[in-house]
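A quick write-up on the structure given underneath.
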Amino acid sequence: MGSGIPAMWMRGGTSKALYFRREDLPDDICSRDQLLLKIMGSPDKRQIDGVGGSDPLTSKVAIISSSEDPEADIDYLFLQVAVDKAEVSGSQGCGNVLAGVGPFAIERGLVRAEAQKTTARIRMCNTGEVAEVIISTPDGKVSYDGNEAIDGVPGTSAKIQIFFSNLAGSNCGSLLPTGNVTDILDGLECTLIDNGMPCVMIKASDFGVTGQENRHELELNTEVKSAIESIRLKAGSLMELGDVTKKSVPKMTLVSEPLNGGLLNTRSFIPHRVHASIGVFAAITVATACVIPNTVAASLASLPDGGIYKIEHPSGCTKVRLDLDDNGFIGRTGIIRTARKLMDGTVYS
Ligand code: NQM
């Protein structure tokens with residue numbers, strides 16, 4: 001057993017992650033990844049010998065340090081630790097885990113708390129953009145308690161406001177990496193798009209499903225899963241992501257008409273398990289696809305009157321804000337999340 005590393009276990013949005021200071025982990029990437037696999041208990045589908053929660057949404061790591069970028073206060077690197085494979089991937093960011101980064105940075109003294117609310121500028125090292133995050137800090141301390149509810153998490157917590165700019169092409173270099181609003185892959189019409197997360201949108205009905213199935217029903221449908229994976233591997237290279245066999249992107253989003261007054265109904269393969277709700281950047285990317293004429297998503301979407309877009313998913317809906325300019329271009333985007341400190345201490349490998 002190793003000598004132990006300081007870490008904080010937090011819920012960020014609808015995910016859970018271990019949060020580390022960068023200085024507490026090895027600089028060498030190979031040694032760091034081996035250590036993280038051991039800590040999480042991977043590869044093992046139960047992660048029985050580690051702290052991971054046997055689900056991609058609870059097998060996540062955030063690494064935080066002061067930033068040398070004058071535009072940012074702190075740097076945040078997100079790592080997805082695979083559950084049943086010995087793989088650690090930084091090929092995507094995570095907007096849910098991002099919700100815990102500001103509170104962690106304040107708790108560790110990397111950002112000084114203000115009297116009521118504290119704004120932290122967080123550089124997302126996976127993709128390079130800077131997010132602005134507003135954290136509730138009454139009396140100069142992080143408050144996790146509050147009245148904000150987000151679907152997919154029971155109860156309420158303090159509100160964390162998150163704003164993004166310039167997410168278009170964060171991973172793929174451009175919003176529509178093929179230059180088309182739709183492409184035909186394996187005979188099906190798909191929209192390949194990246195406004196924060198590379199996503200492939202396809203109609204659920206094209207796979208003979210309704211899009212209202214729960215995550216377990218979809219995960220058991222091996223025929224649909226292999227058809228989706230075949231499209232994903234082709235889409236990866238078309239989206240400038242290279243060979244995505246071992247990458248967690250692009251996300252595969254089955255879309256259908258909204259059922260509960262929202263924008264669109266979704267089921268997201270991330271990419272092999274089905275998301276219990278939807279990722280933050282994936283939700284922003286879905287909303288973006290809905291406002292671009294002739295995409296697969298736009299053909300099913302019911303656009304709202306204001307700037308709040310409600311993406312329906314298996315646990316309810318995720319609301320995102322899109323600010324459109326007079327020409328319909330997307331400027332700032334935003335979301336409200338919550339986070340909670342679950343444990344602060346020493347983790348062993
Ligand atoms: O899209 C899961 C999550 C995510 C990512 C995933 C996320 C995002 O919900 O910003 O938050 O899609 O792998 O934590």
Side-chain angles (χ1 to χ4, degrees), residues 9-19 40 52-62 76-83 85 87-102 122 124-129 131 133 150-153 160 162-164 167-168 170-172 193-201 215 218-219 228 232 236 241 244 246-254 266-289 309 311 313-322 333-340:
W9 188 231
M10 297 183 91
R11 174 182 65 75
T14 52
S15 283
K16 278 197 275 197
L18 264 186
Y19 291 70
M40 298 307 256
S54 314
D55 186 302
L57 300 173
T58 55
S59 183
K60 300 187 164 206
V61 166
Y76 150 55
L77 177 70
F78 168 73
L79 295 175
Q80 178 71 57
V81 181
V83 173
K85 297 188 191 99
E87 287 170 11
V88 178
S89 170
S91 63
Q92 68 166 93
C94 179
N96 274 305
V97 171
L98 171 66
V101 172
I122 302 174
M124 301 179 288
C125 300
N126 303 81
T127 49
E129 299 84 20
V133 179
I150 58 173
D151 283 355
V153 179
I160 297 174
I162 307 182
F163 298 98
F164 305 103
L167 288 178
S170 64
N171 286 247
C172 302
I193 179 166
D194 169 15
N195 196 22
M197 184 64 76
C199 292
V200 177
M201 276 155 228
R215 64 188 301 218
L218 288 173
E219 284 177 359
I228 287 178
R232 192 181 81 85
L241 297 167
V244 295
K246 291 188 172 177
K247 292 186 182 165
S248 55
V249 285
K251 309 295 179 188
M252 304 299 290
T253 314
L254 303 192
T266 61
R267 294 293 183 268
S268 304
F269 286 75
I270 59 167
H272 303 118
R273 299 283 304 274
V274 177
H275 204 301
S277 51
I278 189 169
V280 167
F281 293 119
I284 290 172
T285 300
V286 167
T288 302
Y309 296 73
I311 320 295
H313 54 62
S315 322
C317 87
T318 294
K319 296 180 205 148
V320 300
R321 182 181 184 90
L322 299 187
T333 54
I335 191 159
I336 290 173
R337 300 278 84 188
T338 63
R340 197 164 87 81

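Whatever order the structure lists ligands and atoms in, that order sets their numbers, starting from 1. Heads up: numbering here begins at 1 and tracks the sequence.
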Do ligand 1 and Gly95 have nitrogen or oxygen atoms that lie under 3.5 Å from each other?
yes

Are any of the N or O atoms of Ile278 closer than 3.5 Å to those of ligand 1?
no

Looking only at heavy atoms, what is the nearest atom pair of Ala99 and Ile160, with distance?
O-CD1, 3.3 Å

Output yes when the distance from some N or O of ligand 1 to some N or O of Phe281 is under 3.5 Å, and no in every other case.
yes

Establish, from distance only, whether the side-chain atoms of Asn96 and Ser15 form a donor-acceptor pair under 3.5 Å.
no

If you take all heavy atoms of Phe78 and Gln92, which pair is closest and at what distance?
CD2-O, 3.3 Å

The closest protein heavy-atom partner of atom 8 (C) of ligand 1 is Val280 N, 3.1 Å

Taking all non-hydrogen atoms of both residues, which atom of Pro198 and which atom of Val249 are closest, and how far apart?
CD-CG1, 4.0 Å

For atom 9 (O) of ligand 1, grab the closest protein heavy atom and report residue, atom and distance to one decimal in Å.
His275 NE2, 2.6 Å

Test of proximity, Ile270 against ligand 1: N or O pairs below 3.5 Å
no

Do Ser89 and Glu87 have side-chain N/O donor and acceptor atoms under 3.5 Å apart?
no

Mark up the atoms of ligand 1 that fall under 4.0 Å of a heavy atom belonging to Gln92, in ascending order.
5 (C), 6 (C), 13 (O)

Test your reading of the model: is there a side-chain donor-acceptor pair from Arg11 to the backbone of Gly100, 3.5 Å cut-off?
no

If we only count N/O pairs under 3.5 Å, is Ser15 in contact with ligand 1?
yes

Is it the case that more than 12 heavy atoms not belonging to Lys60 sit under 6.0 Å from its NZ atom?
yes

Would you mind listing which atoms of ligand 1 come within a distance below 4.0 Å of any non-hydrogen atom of Met197?
1 (O), 8 (C)

Within a distance under 4.0 Å of any heavy atom of Lys251, pick out the atoms of ligand 1 and give their elements.
6 (C), 12 (O), 13 (O)

Please name all residues satisfying ring pair (Phe, Tyr, Trp, His ring centres under 6.0 Å) with Tyr309, sequence neighbours left out, ordered by chain then number.
none

Any heavy atom of Ser248 sitting closer than 4.0 Å to ligand 1?
no

Under 3.5 Å between some N or O of ligand 1 and some N or O of Lys60?
yes

